[in-house]
There are 2 protein chains.
Amino acid sequence: MLGRSYESQNCSAARALEIVGERWSLMIIRHALFRGITRFGDFQRSLGVARNVLAARLDLFVEQGLMERQPSSENSAYHDYVLTDMGRELQPVIMALTHWGDRWAAPGDPPVVFRHEHCDGEVRQQTICGDCGQHLAIDEVKAHPTASSMSLA
Amino acid sequence: MLGRSYESQNCSAARALEIVGERWSLMIIRHALFRGITRFGDFQRSLGVARNVLAARLDLFVEQGLMERQPSSENSAYHDYVLTDMGRELQPVIMALTHWGDRWAAPGDPPVVFRHEHCDGEVRQQTICGDCGQHLAIDEVKAHPTASSMSLA
DNA sequence: TCCAACCAGTTGCATCAAACAACCAGGCCG
DNA sequence: CGGCCTGGTTGTTTGATGCAACTGGTTGGA
């Protein structure tokens, strides 16, 4: 029996990847978040994703609570796939991935820049200590297992 | 001919996913970053990943510059897979994924908490406007295509 | 020096995921 | 009412993943 989850891993990143780690998942969320796409056909056209895969992903997103299926308008037979809070809160993940990609995977002018809606300033993500407020470099961050992670090997 | 990249997508998230989007990739990086694992066998045991997949991922990471293969010690035939800056800078992606997972995919006590090494404060990620310095909510961030994204459909 | 245990892969096969093209049923609008 | 649209589904092919066994080399102790 093939494993398709990360069930031996006791970390929330593994749990997250079980939901959004499959091919096209984050791209679909990205298009919903930043291009406002909600319709099946629009996702299909703008992403070039296979219809059976798109249908399966959207089903999973609805089932897991990242999206809701809503009628496109009153009495419409068609529906929109609308992000919930759970889905919208993937924004920092997509932004982090995009910033990394800007620097390392697609250097040169970035195709897309994230901006503050009201003043057009460029958006930054910062890693901060919650106690002393200091900006943290990569080497200053450590992962501490908590009590709840000790119950597994 | 089947497509296996996101080549129709002109965004850096797609480029990034072409490197780190395959199964186990981010988990391997996570173990390298936060558990300090460098040896093939240690990755294999702690992740439970298939050896052929692990070998393929590590090869790709070295080839793409995320890791370097270095002798484990002087005159050793074995080697360490050591993260480069390119690999280390995936930390914000993994932290964002883990924070999302803490809240939405594995609620309850998080198995791992990220802390500031020196003062043990909990690490936070913030989305800030580079101009006015304001903390930004999800709806205040917009993705703006740049000139370089207009050259494609 | 030899041998057991270790290391880092590789191989062949089975299973599953993704992609494709064709198709289907229902909705919509002129 | 018919043509075009929507949102899928289906069967097939191709590629990815996982498994167990295997290979060749390394290491260290007897």
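A, B, ... follow the sequence lines: proteins, then strands. Residue 1 opens every chain.
Side chains of B/Ile19 and B/Met86 form a contact here, defined as non-hydrogen atoms less than 4.5 Å apart.
Summarising the geometry, the separation between CG on A/Leu54 and P on D/dG8 is reported as 8 Å, rounded to the nearest angstrom. Here D/dG18 presents its C1' atom at 14 Å from CD1 of B/Ile28, a figure rounded to the nearest Å. If you measure from atom CZ of B/Phe40 to atom C1' of D/dT26, you get 16 Å, rounded to the nearest angstrom. Atom CG in B/Leu60 sits about 17 Å away from atom C1' in C/dG9, given to the nearest Å. Whole-Å rounding puts the B/Asp80 CG to C/dC7 C1' distance at 13 Å. Rounded to whole Å, atom P of C/dG26 lies 15 Å from atom NE2 of A/His79. Between the P atom of C/dA17 and the CZ atom of A/Arg51 lies a distance of 21 Å, rounded to the nearest Å. We find that CG of B/Leu58 is positioned 15 Å from P of C/dC7, with the value rounded to whole Å.
Phosphate proximity of C/dA17 to B/Arg23: absent, as no side-chain N or O sits under 4.0 Å from OP1 or OP2. In this structure, A/Tyr81 does not reach the D/dT6 phosphate: none of its side-chain N or O atoms is under 4.0 Å from OP1 or OP2. Using a 4.0 Å cut-off, no side-chain N or O of A/Tyr6 falls inside it from OP1 or OP2 of D/dG18. Residue B/Trp24 places at least one side-chain N or O under 4.0 Å from the OP1 or OP2 atom of D/dG18. At the phosphate of C/dA18, OP1 or OP2 sits under 4.0 Å from a side-chain N or O atom of A/Arg57.
For A/Ser76, the listed nucleotide lying nearest its side chain is C/dC28; candidates were C/dC7, C/dC28, D/dG8. Taking the side chain of B/Ala55 as heavy atoms from C-beta on, and the options D/dT27, D/dT10, C/dG9, the nearest nucleotide is C/dG9. Side-chain atoms of B/Ala77 lie closest to D/dT27 of the nucleotides C/dC20, D/dT27, D/dG8. With distances taken from any side-chain atom of B/Tyr78 to the nucleotides D/dT26, C/dA18, D/dG7, the minimum falls on D/dT26.
When only modelled atom types and interatomic distance are considered, A/Arg69 and A/Tyr81 share a side-chain donor-acceptor pair under 3.5 Å. At a cut-off of 3.5 Å, with distance as the only test, a side-chain donor of A/Ser12 or B/Asp102 sits close to an acceptor on the other residue.
A centroid separation of 6.0 Å or more is found between the aromatic rings of B/Phe114 and A/His144.
Mapping B/Asn75 and B/Ala50 onto DNA chain D via the closest heavy atom, the residue that lands nearer the 5' end is B/Ala50. Taking the nucleotide of DNA chain C with the nearest heavy atom to each of B/Arg39 and A/Val53, the more 5' of the two is matched to B/Arg39.
Side-chain atoms of A/Asn52 stay outside donor-acceptor range of the base of C/dA18, with no qualifying N/O pair under 3.5 Å.
Among the protein residues, B/Phe43 comes within range of no part of the nucleic acid, since none of its heavy atoms lies under 4.0 Å from any strand.
The distance from the CH2 atom of A/Trp100 to the CD atom of A/Gln125 is 15.0 Å, given to the nearest 0.5 Å. Put simply, SG on B/Cys11 and CE on A/Met27 are 3.5 Å apart, with the number rounded to the nearest 0.5 Å.
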